Amino acid sequence: MRDRGRILVRGIVQGVGFRPFVYARAVALGIRGTVKNTGSQVEINAWGDRFDSFLADVSRGPLLSRIDSVEILPLQDSPPEGFHILTSSAGTLSGMIPPDVAICTECVDDIFQKGSRYNNYFATSCVNCGPRYSIIESLPYDRERTSMASFPMCPECGREYTDSGCRRHHAQTIACPICGPRLSLMDTEGMTVETTDPVRETASLLDAGSIVAIRGIGGFHIACTEGRASELKARLSRTEQPFAVMVREEVLGRMALVSDTDWAILRSEVHPIAVLVKRDPTAHPGISNLHTIGCMLPYAPLHQLLFSHLAAPLLIMTSANMPGYPMITEIDTALAKLRGQVDYYLTHNRRILNRCDDSVVRDGIIIRLSRGIAPKRSRIDLGPSCILGVGPELNSNITIYKDGFAITSPHVGHVRNPPTLSYLEETAERIRGWLGAQYEVIAHDLHPSFLSTGYARALAEETDAELVPVQHHRAHVAATTLEPCIGITIDGVGYGDDGRVWGGEIFAGQVPHLDRIGHLEEVPMPGGDLATRFPERMLYGILPDERILEILMDRGWTDIQCGVLARQVERGVNVAWTSSTGRVLDAVAALLGICRERTYDGEPAMRLEAAAYGGTPGEWPLEFLERPGAEVFSTRSIVRRALGEYLEAAGSGGPAEAKAAADIAASAQDSLARGLAHIAIHGARDHGLRLIALSGGVAYNAAIRDTIRREVEQEGHTLIVNREYPLGDGCISYGQCVWAGAVKRGKE
Ligand SMILES: [Zn+2]
Ligand SMILES: [Zn+2]
């Protein structure tokens, strides 16, 4: 029986109500002592007969905490009277940066409770919920180091803050209508619209058809009702890309198929956008022309209040940004950049210090790692060196490894313009500062001319860090597992060892030694990137067949255009070579006329998946080509087969033709998946491996993923996909760190 001790708790212990939780347990168990935040850990000095029970409670932690370790040290001093929460001090910062937390059910009750101080208040929060990362200036997480510092607590808030019996005891974001942030509704000139209730007014404006920019937790959304979808598309010059929607809980189940896992994710403290299959695949065409729809539940008190006044069942809520640029966080920027796009602005005066987009999840797999999940912290031993991974070009973020933890930033975006590069640099610098990190290794993509590669080089020069280039698809495998495995990476584009465009790759070995043992057939992309934008070019690149030119002519291509394309492919002039999986899917989408011009990343492949949803795959034969050291799957044979079936069905008209297109789409996906699985199974047999890791953006395609899984499991192998990081390029910066750590270790 111990009666005293110094307890050190490490893990996610800030911004989760840890100190008030400890306080409440201490008071309940008659423990005397103190609790203090030191940045990366909570330090508790405790005396009392029931020390062991207290220790057990503390080791469990409050709801949102994640505890890595609990250490008990001897304690000689004598106890103070009672139990006290001490002021935070900055200790060693091992990377505890709390993510933003969606409103909790008790706070929802508070804002709808007549007579409550929080009734109708848009910035209500408690120890269990509210903004965190988005408002942090520096660590440890305490009000004075957040953007809440400009809102001194009123006496009532001060009373709750110090009341150990209250849910807002030591809630750093506590605020009320008297002392906290305020909302205002503005017109396009930035003039305040006079109203006693800006939220109610905004709801009526939305119901009446206005398009409103709404400042939320991590940035601005653009919101409107479903009826205004086409107007919004016209204003944003965005024709095809699906919008995300915020939906009332009772409406969501009627719109989409929501599994228990999906519900748990939708209602979790993250409240992400969940990509769900529509009940009727053709419903809500203005929002999404795919068979899926991205839905989220109201996650901030502001959203809850808005929906309480709104007549519409759902709102389109799309991030406010210029295409390819970071989300807008400041009202001045919003007024300048959204001119002509929105009719009103609903904004507040709590500064957003760190931008954070909505996270996106599909089938429990992360598509966009951001609000509520990031900064993401993973415990992993990559050795003693501090490492920065700067990410690739698309869907980038950064990861910093230090002292046994990898910290991944929220989604940054497509780092192919200076403002997004600056945002990447700021994000890295801010998190580096918080962690007190000093880079010894900087990992970057193999691509020599990515902006992120340039950033890595400049930073290495400045800091004397060692540069480690990491091949894109191997970084995908590294993000998935450090075990010996076969790695399948299927995506759109990544720079290969030979300078060609890779994207359908199979590796064998163990990080950092992965041999490329197979891939998709290398095919020409006529006109390079132009073939990505216009997939009909890709179609002819893969299958230079007269019949394809005839199809293109029927669709309005001129003789001259067809002639130029044919000569390009024949002579190999201005073509890039690729083994990309995405480009094959694009080509089939083009053949079927589903997508003739790509207007957003991944569009042709996503529309092909939607078309295939109602189809039945046929058993198409698979053709393989032997190349030195690698087995190659002939994608040309797949496209040839697809062409044959397409021509056969052409002219049958109506539902029969549509069914044939769905079957061709399903068969093409199925064949690709079986081809990849086949090479992986061969590789596993040849190398004596059981584990098969699957990554890359194409792996979000449920049909392809499920077919690969079925094929490899039939042969007794285990398929793993990463559920902690995105399968797309949002896992690359983490994979780069893992790879670089393994390289360093190999040299020691
Ligand atoms: Zn709460
Ligand atoms: Zn107050």
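Start at 1 and go down the list; that is how both ligands and their atoms are numbered. As the structure is a prediction and not an experimental result, all values here were calculated from the model.
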Pi-cation contact, Tyr133 with Arg371 (under 6.0 Å, within 45°)
no

At the Zn ion (ligand 2), what's the angle from Cys154 SG to Cys157 SG, rounded to 10 degrees?
110°

Quick one: is the NZ or CZ of Arg267 closer than 6.0 Å to the six-membered ring centre of Trp263, and within 45° of its axis?
yes

Three-point angle Cys179:SG, the Zn ion (ligand 2), Cys176:SG, rounded to the nearest 10°
120°

Is it the case that Arg377 places NZ or CZ above or below the six-membered ring of Phe405, under 6.0 angstrom from the centre and within 45 degrees of the axis?
yes

What's the SG-the Zn ion (ligand 1)-SG angle here (Cys129, Cys126), rounded to 10 degrees?
120°

Cation-pi check for Phe151 against Arg350: NZ or CZ below 6.0 Å from the six-membered ring centre and within 45 degrees of the axis, yes or no?
no

